[in-house]
> 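Sharing a structure here in structure tokens format.
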Amino acid sequence: MKEFFPKIKKVKYEGLKSKNPLSFKHYNPQEKIFGKTMEKHFRFAVCYWHTFKGLGGDQFGLSTISRSYNQGSGPMEIAEMTMRAAFEFFSKLGVKFWCFHDRDIAPEGNSLAETNKNLDKIVALAKKLQSETGIKQLWGTANLFSNKRFMAGAATNPSPDVFAYAAAQVKKAMEVTKELGGAGYVFWGGREGYDMLLNTDMKRELEHLAKFMHLAVDYKKKIGLKGPLYIEPKPKEPTKHQYDFDAGNCFAFLQKYDLVKYFKLNIEANHATLAGHSFQHELQYCIDNNIFGSVDANRGDLLLGWDTDQFPMDIYEAALAMYIILNGGGFTTGGLNFDAHVRRQSIAPEDLFYAHIGAMDTFARGLKIAAKMIKDGKIDKMLKARYAGWDKGIGRKIEKGKVDFNQLEKYALKNGEPKLQSGRQELLENLLNEYI
Ligand code: XLS
Ligand code: NI
Ligand code: NI
């Protein structure tokens, strides 16, 4: 069998002493943390679009990267070679999951029927490779944003014909996900948003979006697709105002349209920061509201204002994220998908490995640091102490709904000025640095 990464052998855990850049220094899949292997903690996934279809193009220039699997006599041959290259990559890297959009893996034909046929052919190959390698699909999704037919949205398009086309595409993508045993299904509302309100009936568009989601729920039940549906929030890009702005905004939408029980969220780090939140904020918000599902791990750039989708190499960020995820009970059906691409100057095939190895090691360190933070318990103790007033006396009465404004006024008049307590931010930052 032809190898697409002939210079790369299976990447192994070699520990800190190793000088081999193609080895893990921290990610040891079988090492247990809190009784669970690292492999199970993370459920790492490689994304197909950036890793195999991203070739370094940007708004100012075309591709910089050429891959051996991207040269062939036609789009179907390229699709097949890319799929084989992808499974070679997953196996050598040692990840157990992958994620893809329908259009990443197979080209569009001249009609929807032909497109579906192309997809079926490649899915059959993917299924075979999955069963040969034991690698599974973390989630499936449909690309409802690249083709020009979706320029004004998919489910929120002013035209019902586009809505119908998008529905047909999602129907098929859900069938494919079922066929491959995917553990979930993602909706990222690529073009679901608007650029100006003078040409947009926002209320109607959001109602259509809800309708679309209900139809998806019905179809999921009908075909017995397992795992949750996920919404992936993002505040802007490609549209100026995306409807799934952030976790809070998605939760309001899900509640208003009676969809909460079918959906969880897929939180992407770079989308969180674009929305003016931290990655941790979005994770905590989801956990607190029981809508935490999966993660698209990446990072943005402080100096750039767009979705740079860089590999997550920041140990602080990874530690804080893992602290929240661990405290929240960890992943169940979801996992950690690297929605990230190598920079356009990183043109060598081995750069794909360096990127993923570095990111997996970063998260492994994050996990170990988070486990130390939890075991030590100092941070949690300080947090609890800060709210201790609510466990007794007047605090307890308020929480239990036992007092009204009159009684609270009486209490305030009698007790006078509340005693202040320090928030201890610097001390906490020092503590965090100690764990790191
Ligand atoms: C784009 C999104 C996209 C989703 C899947 O910004 O992150 O890649 O994860 O459609
Ligand atoms: Ni994403
Ligand atoms: Ni993104």
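Everything numeric in this text was worked out from a predicted model, so none of it was measured. FYI, side chains are in, hydrogens and waters are out, and symmetry mates aren't considered; it's all heavy atoms of this structure. The first residue of the sequence shown is numbered 1, and numbering continues consecutively from there. Just follow the structure's listing: the first ligand is 1, and inside any ligand the first atom is 1.
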> Please work out which of the three classes, parallel, tilted or perpendicular, describes the rings of F52 and F89, given edges at 30° and 60°.
perpendicular
> Mark yes when over 12 heavy atoms from residues, nucleotides or ligands other than N433 sit less than 6.0 Å from its CG; otherwise mark no.
yes
> Show the numbers, then the answer: is there a salt bridge (charged side-chain N to carboxylate O under 4.0 Å, His left out) between D361 and R365?
CA-CA 6 Å; D361 264 348; R365 290 177 86 168; over 6 Å; no
> Y165: which residues meet the ring-ring contact (aromatic ring centres under 6.0 Å, His included) condition with it, sequence neighbours left out?
none
> Can you tell me the N, O or S atom of E232 that's nearest the Ni ion (ligand 2)?
OE2
> For E268, run the side-chain hydrogen bond (donor to acceptor under 3.5 Å, both in side chains) check against N298, T273, N337 and tell me which one passes.
N298
> Anything with a heavy atom under 4.0 Å from ligand 1 counts, so go ahead and list those protein residues by chain and number.
W49, H101, W188, E232, K234, E268, H271, D296, D307, D339
> How about the Ni ion (ligand 3), which protein N, O or S atoms come within less than 2.8 Å?
E268 OE2, H271 NE2, D307 OD2
> Does Y230 form a ring pair (Phe, Tyr, Trp, His ring centres under 6.0 Å) with Y185? I'd like the steps, not just the answer.
CA-CA 6 Å; Y230 303 113; Y185 186 91; 9.3 Å; no
> Go through the structure and list residues passing salt bridge (charged side-chain N to carboxylate O under 4.0 Å, His left out) with E80, not counting sequence neighbours.
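Salt bridge (charged side-chain N to carboxylate O under 4.0 Å, His left out) list for E80, sorted by chain: empty.
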> Will you find, in the side chains of E108 and N118, an N or O donor that is under 3.5 Å from an N or O acceptor?
no
> Take the angle between the ring planes of W98 and Y48 and call it parallel below 30°, perpendicular above 60°, tilted in between.
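Rings of W98 and Y48: tilted, 30 to 60°.
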> For E39 and T37, does a side-chain donor sit closer than 3.5 Å to a side-chain acceptor?
no
